[in-house]
Amino acid sequence: MAAAASSSLASQFLGLRREAAPSTALFVQSAQSKLRLPSTRCPNGRVVAMAGTGKFFVGGNWKCPQEWLTSKTDNLNYLKNGTTDSVSRLVADLNVAKLENDVDVVVAPPYIYLDKVRQSLTNRIEISAQNSWVGKGGAFTGEISAEQLIDIGCKWVILGHSERRHIIGEDNQFIGKKAAYALSQNLKVIACIGEKLEERETGKTFDVCFQQMKAFADSISDWTNVVIAYEPVWAIGTGKVATPQQAQEVHAAVRDWLKNNVSAEVASSTRIIYGGSVNGSNCSELAEEEDIDGFLVGGASLKGPEFATIVNSVTSKKVAA
């Protein structure tokens, strides 16, 4: 009996593996993907609206911050430490921020602050978890189930983030199963994909992203509540950002993959957002790209006014006269 139980539990962990942490080498800006996708959707150099039909989407991933800092130059406080006081200050900033109406806005606090943020944050902004368990809750110490998240009013969950893939060791299939279960419990999913530096430098960007997409597609039957986040690993927390052209080519390729492997309708309606050192200075230029439907923001989401600037970059989506 015990052996059978152990075997059953082991089968649920097949998606977990050990893997070395990603290289911390700085991205060489001149390194370009060897693959280029032709596009005829942006004639005469005009800024165009989104290629997809979904609403602009901006998510803030608060991760597991370290300390609270105050800028001496602009007197802006921002969260880098999961203290109750720092969370309250960030929420207060977000509550008074002026946000464009035509944007879906979501923030993902650390687990222990989810309910506090939900109760104190304006209804204009929805709440996401940073991870959830692969199935129904049970004797899985330290895990949080989709049912528990729904119970406290959480609407979204981030799954497949590179830190879960390459530090914790979750593989593509395991992440796909997690996404399917979360969706089955009416939890919406921000599904992350992205390549490491060495994979981009060797021209494997599309191969890696498509493999990750396939794992989601193998498990997901209804894409209505899925947002795809392209986050090149070499750009997360490094200050290095994919150029608008680099990001656009991957977003366009992912949309084309969805068209060829899922359906044209899903390709059109599914939002594909960019993440990787997005900030108030670079968001507008990135947002101008036709297949970039929004952002998943890390460090800059901890500064209320700057996060509002990123949300409001939706104005860059308007077609130029």
Side-chain angles (χ1 to χ4, degrees), residues 1-22 59-66 81-84 87 106-119 121 126-194 212 215-216 218-222 225-229 231 233 236-237 275 296 298 301:
M1 181 76 71
S6 297
S7 177
S8 175
L9 283 174
S11 68
Q12 298 183 60
F13 288 89
L14 289 178
L16 294 172
R17 55 176 168 69
R18 289 293 179 185
E19 181 176 306
N61 182 10
W62 295 2
K63 301 193 180 184
C64 185
Q66 299 175 352
N81 180 11
T83 64
T84 300
V87 169
V106 175
V107 295
Y111 280 130
I112 59 174
Y113 301 116
L114 277 172
D115 197 44
K116 171 183 172 61
V117 173
R118 183 192 62 81
Q119 293 186 49
L121 187 63
E126 293 189 326
I127 305 301
S128 172
Q130 297 177 14
N131 185 45
S132 65
W133 179 236
V134 70
K136 189 177 178 67
F140 307 110
T141 300
E143 290 295 335
I144 306 294
S145 70
E147 292 89 344
Q148 290 172 314
L149 295 173
I150 289 292
D151 184 52
I152 64 166
C154 189
K155 303 287 188 182
W156 293 83
V157 63
I158 300 171
L159 296 175
H161 194 282
S162 66
E163 291 151 10
R164 300 293 308 184
R165 292 179 185 274
H166 303 305
I167 298 176
I168 306 301
E170 297 178 357
D171 70 17
N172 293 343
Q173 288 68 38
F174 187 69
I175 293 165
K177 291 176 182 177
K178 289 170 74 171
Y181 189 77
L183 291 167
S184 76
Q185 301 304 304
N186 298 316
L187 197 59
K188 301 175 185 179
V189 171
I190 301 172
C192 300
I193 63 171
Q212 294 168 351
F216 283 121
D218 285 346
S219 298
I220 295 173
S221 57
D222 184 353
N225 293 319
V226 178
V227 170
I228 298 168
E231 293 197 298
V233 180
I236 298 175
L296 183 57
S301 70

Participant: Looking only at non-hydrogen atoms, find the nearest pair between Glu231 and Ile236 and report the distance.
Facilitator: CB-CD1, 3.8 Å
Participant: What I'd like to find out is whether the side chain of Leu183 reaches to under 4.5 Å of the side chain of Asp222, using heavy atoms alone.
Facilitator: no
Participant: Nearest 0.5 Å, please: how far is CD in Glu170 from CD in Glu163?
Facilitator: 11.5 Å
Participant: Which distance, rounded to the nearest 0.5 Å, do you find between the CD1 of Ile158 and the NZ of Lys63?
Facilitator: 9.0 Å
Participant: Do Leu296 and Val227 come close enough that some side-chain heavy atom pair is under 4.5 Å?
Facilitator: no
Participant: Any chance you could measure Lys155, atom NZ, to Lys188, atom NZ, to the nearest 0.5 Å?
Facilitator: 7.0 Å
Participant: Are side-chain heavy atoms of Leu159 and Asn131 found at a separation under 4.5 Å?
Facilitator: yes
Participant: Step by step, would you call Asn172 with Asp218 a side-chain contact (heavy atoms from CB on, under 4.5 Å)?
Facilitator: CA-CA 10 Å; Asn172 293 343; Asp218 285 346; over 6 Å; no
Participant: How many angstroms lie between atom CD1 of Ile190 and atom CD of Gln130, to the nearest 0.5 angstrom?
Facilitator: 10.5 Å
Participant: Are Ser132 and Ile144 side-chain neighbours, meaning at least one heavy-atom pair lies under 4.5 Å?
Facilitator: no
Participant: So which atom in Trp133 and which in Ser145 form the shortest heavy-atom distance, rounded to 0.1 Å?
Facilitator: CB-CA, 4.3 Å
Participant: Looking only at non-hydrogen atoms, find the nearest pair between Ser184 and Tyr181 and report the distance.
Facilitator: OG-O, 2.6 Å
Participant: With side-chain contact (heavy atoms from CB on, under 4.5 Å) as the criterion, how do Glu143 and Val134 come out once you've worked through the C-alpha distance, each side chain's angles and the decisive distance to 0.1 Å?
Facilitator: CA-CA 9 Å; Glu143 290 295 335; Val134 70; over 6 Å; no
Participant: Please find the pair of heavy atoms, one from Ala180 and one from Ser219, that lie closest to each other, and give the distance.
Facilitator: CB-O, 3.4 Å
Participant: For a side-chain contact (heavy atoms from CB on, under 4.5 Å) check, start with the C-alpha distance between Val107 and Ile127, then their side-chain angles and the critical distance, and finish with the verdict.
Facilitator: CA-CA 5 Å; Val107 295; Ile127 305 301; 4.0 Å; yes
Participant: Roughly how far, to the nearest 0.5 Å, is the CZ atom of Arg118 from the CG atom of Leu121?
Facilitator: 11.0 Å
Participant: Any idea which heavy atoms bring Cys192 and Phe216 closest together, and the distance?
Facilitator: O-CE1, 3.8 Å
Participant: Considering all heavy atoms of both residues, which atom of Asn186 and which atom of Ile150 are nearest to each other, and what is their separation?
Facilitator: O-CD1, 3.5 Å
Participant: Would you compute the distance between atom NZ of Lys178 and atom CG of Leu187 and round it to the nearest 0.5 angstrom?
Facilitator: 11.5 Å
